[in-house]
Asks: 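Have a look at this one before I ask anything.
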Amino acid sequence: MDKQFFSGNPEDVAEKLLGCQLVRHKDNQILKGRVVETEAYLGEEDPGSFASRGRNVRNSLMFETYGKFFIYLSYGVHYMLNITAGRNTVGSVLIRAVEPLKGIEDMKVLRGKESVEGLTNGPGKLTQAFGIDEYFNGKSALGGTLRIEEGCHEEPVERSGRIGISRGEDIELRFYLGGNDFVS
DNA sequence: AGGAAGATCTACT
DNA sequence: GTAGATCTTCCTA
C-alpha cells in the first residue's frame with residue numbers, strides 16, 4: 001500500500017477501500033478486519049460534509065492531507081475513523097463497518113460483548129473493538145500500530161445515500177459489499 | 001458567554 | 001420503533 005492509493009478523489013478512494021484490511025497492533029496482539037462499508041465526504045460543495053462550511057480547526061486535515069487518519073468524537077462518546085483522501089481535492093472517507101478477521105476474542109473484550117454479532121458493524125462500534133481513539137488523529141494510514149493493508153473482495157459493490165446525516169443524505173456516497181453480514 | 005447540533009449506540013416498549 | 005445519554009465544536013450575540 002502506498003500513499004498514491006489515497007491521492008484520488010474521496011469517492012473513488014471510498015470504493016477502492018472496500019476489501020482492504022484494517023490492521024491494529026495493540027499490546028502484542030494483532031487485530032484485523034476487512035473493510036465492508038465506507039462513506040465519502042467531499043469538500044465545500046458537499047452539504048453533508050464537515051468541510052461544507054469552510055475550513056476550521058476540526059476539519060483542517062480534510063483540506064491539508066491525504067493518506068492520514070482523521071479521527072473525531074461523535075455524540076460525545078464514539079470515535080469515528082476516517083482516512084483523508086485527494087491530493088488536489090478536499091475530503092475524507094469514513095470507515096463504517098469491518099468484518100472481523102483476527103483477534104476476535106480481544107475485540108469482544110474491548111466491546112464487552114460475548115458474540116461476534118454486532119461486534120464491528122458501525123463506525124462507533126469498530127473503533128471501540130479496535131481500541132482506536134484520538135491518539136491516531138493525523139497519523140499516516142500506511143504504517144504504524146494502526147494501518148491499512150491491501151485486500152480484495154468477491155462481493156459486488158453496492159451504493160446508497162449516506163446514513164445519519166441531515167443534509168446531503170440523498171447523494172449516493174455510501175459504498176458497501178452486497179450480501180456481507182457485517183454491513184451496518 | 002451560551003446554545004444548538006451532531007458522519008451513534010443501546011435499551012426499552 | 002423511539003428515546004435518551006453525553007460532550008466537543010462551532011456559531012451567534
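Because the structure is a prediction, the values reported are computed rather than measured. Within every chain, numbering begins at 1; the chains are lettered A, B, ... in the order of the sequence lines, protein sequences first and strands thereafter.
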Asks: Quick one: does any side-chain atom of A:Ser49 pair with a main-chain N or O of A:Tyr41 as donor and acceptor, under 3.5 Å?
Replies: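 No; zero donor-acceptor contacts below 3.5 Å.
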
Asks: Can you check whether A:Ser166 has a side-chain N or O nearer than 4.0 Å to OP1 or OP2 of B:dG6?
Replies: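 Checking A:Ser166 against B:dG6: at least one side-chain N or O falls below 4.0 Å of OP1 or OP2.
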
Asks: Classify the nucleic acid contact of A:Arg162 as base, sugar-phosphate or nothing, counting any heavy atom under 4.0 Å across all strands shown.
Replies: nothing

Asks: What integer distance in Å separates A:Asn121:CG from B:dT8:C1'?
Replies: 12 Å

Asks: For A:Lys113 and for A:Arg167, find the nucleotide of DNA chain B with the closest heavy atom, then tell me which residue's nucleotide is more 5'.
Replies: A:Arg167

Asks: For C:dA5, is there a stacking contact with A:Tyr75, counting only centres under 5.5 Å and planes under 30°?
Replies: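 A:Tyr75 ring does not meet the centre or angle cut-off for C:dA5; no stack.
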
Asks: Would you call A:Asp106 and A:Arg24 a salt bridge, using N to O less than 4.0 angstrom?
Replies: no

Asks: May I have the distance from A:Arg58 (atom CZ) to B:dA5 (atom C1'), rounded to whole angstrom?
Replies: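 In whole Å, B:dA5 C1' and A:Arg58 CZ are 10 Å from each other.
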
Asks: Nearest-Å distance, CG (A:Leu73) to P (C:dA5)?
Replies: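 Taking CG of A:Leu73 and P of C:dA5, I get 17 Å after rounding.
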
Asks: Any Lys/Arg nitrogen of A:Arg55 or A:Glu64 sitting under 4.0 Å from an Asp/Glu carboxylate oxygen of the other?
Replies: yes

Asks: Can you tell me which nucleotide in C:dC10, C:dT8, B:dA7 comes closest to the side chain of A:Tyr41?
Replies: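 Of the candidates, B:dA7 comes closest.
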
Asks: Can you figure out which of C:dT9, C:dC11, B:dT8 approaches the side chain of A:Arg53 most closely?
Replies: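 The nucleotide sitting nearest to the side chain is C:dC11.
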
Asks: Separation of A:Leu94 atom CG from B:dT8 atom C1', in whole Å?
Replies: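 Rounded to the whole Å, the gap is 11 Å.
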
Asks: Identify the nucleotide, in any strand shown, that forms a Watson-Crick or G-U wobble pair with C:dT6, with both distances under 3.5 Å; if there is none, say none.
Replies: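 Check on C:dT6: unpaired, no WC or wobble geometry under 3.5 Å.
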
Asks: Counting only heavy atoms not in A:Lys102 (residues, nucleotides, ligands), do more than 12 fall under 6.0 Å from its NZ?
Replies: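 Not more than 12 within 6.0 Å, no.
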
Asks: What's the closest nucleotide to the side chain of A:Arg111 if the choices are C:dC10, B:dA7, B:dT10?
Replies: B:dT10

Asks: Can you tell me which nucleotide in C:dC11, C:dT8, B:dA7 comes closest to the side chain of A:Arg96?
Replies: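 Side chain of A:Arg96 sits closest to B:dA7.
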
Asks: Report yes if a side-chain nitrogen or oxygen of A:Arg174 is closer than 4.0 Å to either non-bridging phosphate oxygen (OP1 or OP2) of B:dA7; otherwise report no.
Replies: no

Asks: Within the structure shown, what part of the strands sits under 4.0 Å from A:Ser49 by heavy-atom distance: base, sugar-phosphate, or nothing?
Replies: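 Nothing: the residue A:Ser49, judged by heavy atoms under 4.0 Å, touches no strand.
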
Asks: Rounded to whole Å, please give me the gap between CD in A:Glu172 and P in B:dA7.
Replies: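 Interatomic distance, CD of A:Glu172 to P of B:dA7: 19 Å.
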
Asks: Look at atom CD of A:Glu45 and say whether more than 12 heavy atoms of other residues, nucleotides or ligands are closer to it than 6.0 Å.
Replies: yes

Asks: Looking at the side chain of A:Phe50, which of B:dA7, B:dG6, C:dC10 is the nearest nucleotide?
Replies: B:dA7

Asks: Send over the distance from A:Glu37 CD to B:dT8 P, rounded to a whole Å.
Replies: 10 Å

Asks: Using a 6.0 Å distance limit plus a 45 degree cone around the ring axis, check whether A:Lys3 lies over the aromatic ring of A:Tyr66.
Replies: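 Pair A:Lys3/A:Tyr66 counts as cation-pi.
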
Asks: What is the distance, to the nearest angstrom, from the CZ atom on A:Phe175 to the C1' atom on B:dA7?
Replies: 15 Å

Asks: Could you tell me how far apart A:Tyr72 (OH) and C:dT9 (C1') are, to the nearest whole angstrom?
Replies: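 Going from OH in A:Tyr72 over to C1' in C:dT9 covers 12 Å.
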
Asks: Quick one: which of C:dC11, B:dC9, C:dC10 gets closest to the side chain of A:His78?
Replies: B:dC9

Asks: Where the side chain of A:Lys125 is defined as all heavy atoms beyond and including C-beta, which of B:dT10, B:dA7, B:dG6 is the nearest nucleotide?
Replies: B:dT10

